[in-house]
Amino acid sequence: MAARSDSLERYIEGVRKRNPGETEFHQAVYEVAASIIPYIQDKPRYQNMQILERMAEPDRVVMFRVCWEDDKGNIRVNRGYRVQFNNSIGPYKGGIRFHPSVTLSVLKFLGFEQTFKNSLTGLPMGGGKGGADFNPKGKSDSEVMRFCQSFMTELARHIGENTDVPAGDIGVGAREIGYMFGQYKRLTNEFVGVLTGKGLEFGGSLIRTEATGYGTIYMLDNMLTHAGNSVEGKSVVISGSGNVATYAAQKVKQLGGKVLTMSDSSGFIHDPAGIDEEKLAYIIDLKQVRRGRISEYADKYDAEFHEGRPWGVTCDMAVPCATQNELTGDDAAVLLANGCMAVSEGANMPTELSGIKAFQDAGILYAPSKAANAGGVAVSGLEMSQNSARISWKEEELQTLLRDIMKDIHDNCAEYGAENGKVDYLKGANIAGFVKVADAMLAYGVV
Ligand code: NDP
Ligand code: 2IT
C-alpha cells in the first residue's frame with residue numbers, strides 16, 4: 001500500500017513539474033491516477049511502456065489569436081485553443097467552450113477526461129477539447145457570429161470529419177455551432193460531419209440536445225436500481241440552467257422525482273413545489289432564447305432566489321450541471337448532513353477532490369462525470385455515424401441507443417469498481433475507460 005501511494009505521489013509530482021500552474025489539469029490527472037496506479041501494479045506491460053505517463057501528455061495543442069470587430073467598430077482580441085489529447089481509439093472528439101475562465105489548464109483537464117469518457121461510450125472516438133476566453137454574455141448575435149467565423153477560420157485547418165470533430169460545451173450551443181459549421185463549409189467547400197450538435201436541417205441528430213442531461217439521470221437511475229432503489233418520489237437539487245441542467249431536470253420529472261433548484265452564475269432559485277414541465281419550458285425560453293437570468297424565475301413563480309450555490313437545500317440527490325469545482329468539500333459535508341444519498345455529475349469535474357472523498361467515505365452512490373455525462377458525446381458519436389452514412393435515425397431508435405449505452409456504462413463501471421459487495425463508480429469508470437485506450441496504445445508500439 002505504501003509503495004502504491006509513493007508511486008502515485010511520484011507520478012503526480014512529475015505531472016506538476018511538466019505542467020506548472022495548471023491546477024485543474026493536475027486535479028483531473030490525480031483523480032484518474034489514484035485508480036489506475038493500483039490497477040497496473042501487477043501489469044508490467046502498461047508500466048514498461050509508460051502508458052499512464054504518455055496518457056497525461058496531449059498529442060498536440062494548438063493556440064491561436066482570434067481577432068474580431070464588435071458592433072461599435074472596436075477591434076477585439078481573444079485566444080483560441082484546440083487540445084488534441086489522444087486519438088488512439090478514434091478521431092479526436094470533444095466540445096468547444098466559450099467562457100472568460102477558459103485557460104490551457106481548463107482545456108487540458110477537459111481533453112484528458114474526454115479521452116476516458118469517450119472510451120466508456122464504447123464508440124470509436126478519441127479525446128479532445130477546445131475553446132476560447134470569449135464571453136458570449138451581453139454580445140449581440142452579429143458579434144457572436146463574427147467571433148465564431150474568426151475562430152473557425154483558424155480552427156478549420158486543424159480539424160476534419162476523420163481527424164477531429166468538435167461540438168458544444170459551456171457558451172456553445174446550436175447558434176454557435178451553426179455559425180461555425182457555416183464558416184467551415186465556406187472555407188473548405190465540403191459538407192461533412194465535422195461538428196456535432198448541428199441543427200436538424202443540416203445533419204444534426206435527434207435527441208443530441210437532450211442527451212447529456214437525460215444520460216446523467218439514466219446513470220443516477222441505473223445506480224439506484226442496482227442498489228434496489230429508484231428516482232421516483234425523490235427530491236433533487238440541480239445546479240446550472242443551461243443545456244445539461246435543463247434536460248436533467250426534465251428526465252427527473254419524467255421518472256417521478258421532484259426538482260427543487262436550478263442556478264446560474266448569479267445564484268439559485270428554490271421552488272419547494274418542484275419545477276414541472278411548464279416551469280421548465282419557461283426556463284428554456286428565459287435562458288436559451290431570451291438569454292436572461294435565473295433570478296427572473298422567482299418573479300414569476302412562488303420561489304426564492306438566493307445568491308451562491310444550491311447545496312444547502314435539503315434533498316435526496318444532487319446533480320451538479322454547471323461547471324468545474326462548483327461543489328466543495330464543505331458543500332459535500334452539508335449535503336451528507338442533510339441526508340443526500342446519491343450524486344450524479346452532469347458537469348465536468350464539478351466536485352473537488354475533498355468532496356469526492358467525503359461522498360466515498362460516507363458510502364453514498366457517486367457517479368463521476370466521465371461516466372455520468374457521457375450520454376452527450378455518445379449521441380454525438382451517433383450523429384457522426386448518421387452523417388457518414390448520410391442517413392437520419394428515428395427518435396425511438398436513438399432514445400433506445402442512449403438508454404442502452406448508459407446501461408452499458410453503468411454495468412462496466414460496476415464490474416471494474418466492485419469492492420466488498422459495493423461499487424466504487426469512480427474507480428470503475430477510470431479503469432474501464434483506461435483499458436481500451438491503453439491496449440490500443442500498446443498495439444501501436446512506441447508512438
Ligand atoms: P451552458 O452554457 O448551456 O450552461 C452552463 C450553465 O452553468 C449556465 O447556467 C451557467 O450560468 C452556469 N455556469 C457556467 N459557468 C459557471 C461558473 N463559473 N459559475 C457558476 N455557474 C456557471 O453549458 P452546458 O449545460 O452545455 O454545460 C454545463 C456543464 O456540463 C459543463 O461542465 C460542461 O462541460 C458539461 N457537459 C456538457 C455537455 C453538453 O453536451 N453540452 C456534455 C457533457 C458535459 P450563466 O448563464 O450565469 O453563465
Ligand atoms: O464534455 C463533453 O462531453 C461535451 N461537451 C460534449 C462533447 C461532444 O463531442 O459531444
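Counting starts at 1 for both ligands and their atoms, in listed order. Just so you know, these numbers come straight off a predicted model, no measurement behind them.
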Apply ring-ring contact (aromatic ring centres under 6.0 Å, His included) to Phe434 and list each qualifying residue two or more places apart in sequence or on a separate chain. Tyr46
Gly346 neighbourhood, listing ligand 1 atoms whose heavy-atom distance to it stays under 4.0 Å: 30 (O), 35 (C), 36 (N), 44 (C)
Any heavy atom of Arg208 sitting closer than 4.0 Å to ligand 1? yes
Tell me which one of Asn373, Ile283, Thr246, Thr216 gets a heavy atom nearest to atom 44 (C) of ligand 1. Asn373
Just which atoms of ligand 1 are under 4.0 Å from any heavy atom in Ser265? 11 (O), 20 (C), 21 (N), 45 (P), 47 (O), 48 (O)
Between ligand 2 and the protein, tabulate every N or O atom pair separated by less than 3.5 Å, reporting distance only.
from	atom 1	to	atom 2	distance (Å)
ligand 2	1 (O)	Gln114	OE1	3.4
ligand 2	1 (O)	Lys117	NZ	3.0
ligand 2	1 (O)	Lys129	NZ	3.0
ligand 2	1 (O)	Asn348	ND2	3.0
ligand 2	3 (O)	Gln114	NE2	3.0
ligand 2	3 (O)	Lys117	NZ	2.7
ligand 2	5 (N)	Lys129	NZ	3.3
ligand 2	5 (N)	Gly168	O	3.1
ligand 2	5 (N)	Asp169	OD1	3.0
ligand 2	9 (O)	Lys93	NZ	2.6
ligand 2	10 (O)	Arg208	NH2	2.9
ligand 2	10 (O)	Ser380	OG	2.6

So is Arg293 close enough to ligand 1, meaning a heavy atom under 4.0 angstrom away? yes
I'd like to check which ligand 1 atoms, numbered from 1 as shown, lie under 4.0 Å from a non-hydrogen atom of Cys321. 28 (C), 29 (C)
In short, ring pair (Phe, Tyr, Trp, His ring centres under 6.0 Å) pairs touching residues 382-409 with sequence neighbours left out are none
On the 0 to 90° scale, with breaks at 30° and 60°, tag the Phe202-Phe181 ring pair as parallel, tilted or perpendicular. parallel
For ligand 1, which atoms have a heavy atom of Lys287 less than 4.0 angstrom away? 46 (O)
Tell me which one of Asn135, Thr212, Asp264, Asn325 gets a heavy atom nearest to atom 40 (O) of ligand 1. Thr212
Does some side-chain heavy atom of Glu326 sit less than 4.5 Å from a side-chain heavy atom of Ser239? yes
Expected list for residues 171-180: side-chain donor-acceptor pairs under 3.5 angstrom, two or more places apart:
from	atom 1	to	atom 2	distance (Å)
Arg175	NH1	Asp141	OD1	2.6
Glu176	OE1	Gly173	N	2.8

At a non-hydrogen distance cut-off of under 4.0 Å, which region of Ser263 contacts ligand 1 (side chain, backbone, both, or neither)? backbone
Nearest non-hydrogen protein atom to atom 19 (N) of ligand 1, with distance, is Thr323 CG2, 3.8 Å
Check whether any side-chain N or O of Lys258 sits under 3.5 Å from a backbone N or O of Pro272 as a donor-acceptor pair, and report yes or no. yes
